[in-house]
There are 2 protein chains.
Amino acid sequence: MKHNLIIADDHKMFLDGLLSILKTESNYNILFTAKHGGHVQKYITINTEEKIDLVITDVTMPEVDGITLNKWIKKASNSIKTLVVSMHNSPEIIDDLIENNVDGYLQKNAQKEEFLKAIETILSGEKYFSKEIKDIYLQNKFEKNKEKEIKLTKREVEVISLIAEEFTTQEIADKLFLSKHTIESYRKNLITKLNVRNLAGLTKYAIKKGYVS
Amino acid sequence: MKHNLIIADDHKMFLDGLLSILKTESNYNILFTAKHGGHVQKYITINTEEKIDLVITDVTMPEVDGITLNKWIKKASNSIKTLVVSMHNSPEIIDDLIENNVDGYLQKNAQKEEFLKAIETILSGEKYFSKEIKDIYLQNKFEKNKEKEIKLTKREVEVISLIAEEFTTQEIADKLFLSKHTIESYRKNLITKLNVRNLAGLTKYAIKKGYVS
DNA sequence: TATCAATTACGTATTAATACTTAATTTAAA
DNA sequence: TTTAAATTAAGTATTAATACGTAATTGATA
């Protein structure tokens, strides 16, 4: 049985090229082509006769872009697969698409063979991302985690160390020649920053980090 | 030059035996023999002419015993050596003597050769204890340390674990279906028992013991 | 069955910590 | 050189923890 495809791209040249590639394959039936996402949405909404297998879409399109379209499709149906093709590799876009369950992502400069392989893979139920895209996605995740990673300032480390060494706020203030209020601020900020409940949590963190033994 | 010895023992038989052994050795001069420690103390106090090298004394004697005598001698002089001979091997007595810097300890059933070796060793400036005595002493130390080793009860472990998990006293009380007062008691006892200053110390202990991670 | 360790509990007072807000000053970075 | 981050500080209110003392039960064990 033939697979029903929809293609959305506002660049006629790319659209034609893609169509020519797909025409060489006998088992793909192009149901509909669109210049932007809105047309696809309308088509999917109206069409209740034919089963839609895959929507291939560009990212940058007027009115409704590929990101929005992917999100919309995935909300509207859990059988329609999506393959996004794009000129650029913005980590944010890739991240958004993946978070919204896109089935594949390709660069527009991909070879004919890769296009066919991607479509085939996706229609078989698997995801398709080139190694490069996977790397970009993961790299982005790593960096985001790094950002999330709690970093204590020098002073904070100094204070939490003394806290874990069983000194009271007043004692620490005296040691560092600071106001008791200041140490209280640090204490409070550390509890918030490290997402713990009290002194016990601070102590555990300090031990984990090797600030005390 | 001959070494000057004093012997204190209220058992005539043992005293005679010891004297006969020492007479075979030409370089020992028996300055004085006594039936109990008091006599030795008096002799040492009055005597200012002769240098006293070694006092051999029994443990159990009337009036002033060997333990007291050793303590007294070591306080009075840092040149007089002491060798204690005893019938029994009480760890407490051995411990007391060693803590008070006794120079040697022998069982009364030791062989002639060991007596001579002990005296010789001590006069040369070294300590003399038989392997058996050393073992008794060390075993006693180990056991004492074991006693000192802090043991937490089941409940205490339970409570300190929850404390280190950042729960408050009230929360722990609710969890264990106990009064808040009870948990406060545990908290207080744990701080005293573990010799720490506060929650941080408790947490560190709990981590060290693996009660929390 | 007497005794000791363990568990449980209460009371009062004091001190320390936490919650919440705000903000001046200094230093580092864009 | 403006912005952002770090350091410093204060005030008020509430809650939690610590200090110190005391003691009734329960359970094990000698």
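Note that the structure is a prediction, hence the values are computed from the model and not measured. So that the names make sense, note that chain A is the first sequence line, chain B the second, and so on, each numbered from 1.
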Margin query: Can you measure B:N189 atom CG to D:dA23 atom P for me and round it to whole angstrom units?
Written below: 16 Å
Notebook entry, point to check: Taking the six-membered ring of B:F167, is the NZ or CZ of B:K175 close enough (under 6.0 Å from the centre) and on axis enough (within 45°)?
Noted result: yes
Check: Out of B:L97, B:D96, B:D95, which one pairs with B:E99 under the side-chain contact (heavy atoms from CB on, under 4.5 Å) rule?
Finding: B:D95
Notebook entry, point to check: Does a side chain donor of either A:N101 or A:K127 reach within less than 3.5 Å of an acceptor in the other side chain?
Noted result: yes
Checklist line | Check: B:E158/B:Y186 side-chain N/O donor and acceptor closer than 3.5 Å | finding: no
Check: Salt-bridged, B:E166 to A:K204, with N to O below 4.0 Å?
Finding: yes
Margin query: Using a strict threshold of under 4.0 Å (side-chain N to carboxylate O), is an ion pair present between A:E25 and A:K112?
Written below: no
Next item on the list: Using heavy atoms and a sub-4.0 Å distance, could you list which residues of residues 194-202 of chain B are near DNA chain D? By number, please.
Entry: B:N198, B:L199
Distances for protein N or O near nucleotides 24-26 of chain D N or O, under 3.5 Å:
none

Checklist line | Those residues of residues 157-185 of chain B lying under 4.0 Å from DNA chain D by at least one heavy atom | finding: B:T168, B:T169, B:E184
Check: Over its full length, what angle do the end axes of the helix from C:dT1-D:dA30 to C:dA30-D:dT1 make, each axis taken from five pairs and the result rounded to 10 degrees?
Finding: 60°
Next item on the list: Can you tell me the distance, in whole Å, between the CZ atom of A:R155 and the C1' atom of D:dT7?
Entry: 8 Å
Margin query: I'd like to know if B:K35 and B:D10 make a salt bridge, using a cut-off of under 4.0 Å between side-chain N and carboxylate O.
Written below: no
Notebook entry, point to check: Below 4.0 angstrom, N of the basic side chain to O of the carboxylate: do B:D58 and B:K108 qualify?
Noted result: yes
Item checked: Pair A:K180 + A:D174: basic N to acidic O under 4.0 Å -> no
Note to self: Within the 3.5 Å criterion, strictly below it, is a donor on A:T192 or A:N189 matched to an acceptor on the partner's side chain?
What the structure shows: no
Note to self: Strictly below 4.0 Å, N to O, side chains only: are A:K71 and A:D65 in salt-bridge contact?
What the structure shows: no
Margin query: For B:F129 and B:Y105, I'd like to know if the aromatic rings sit close, meaning centre-to-centre distance below 6.0 Å.
Written below: no
Note to self: What is the distance, to the nearest angstrom, from the NZ atom on A:K151 to the C1' atom on D:dA6?
What the structure shows: 14 Å
Margin query: Just by distance, no angles: are the side chains of A:S90 and A:E92 close enough, under 3.5 Å, to form a donor-acceptor pair?
Written below: yes
Check: Mind checking what makes ring-ring contact (aromatic ring centres under 6.0 Å, His included) contact with A:H36, not counting sequence neighbours?
Finding: A:H39
Item checked: Along DNA chain C, first and last positions that approach a heavy atom of chain A under 4.0 Å -> C:dA17 to C:dT21
Notebook entry, point to check: Considering only D:dA10, D:dT7, D:dT18, which nucleotide approaches the side chain of A:K154 most closely?
Noted result: D:dT7
Item checked: Any donor-acceptor N or O pair under 3.5 Å, side chains A:E114, A:Y128 -> yes
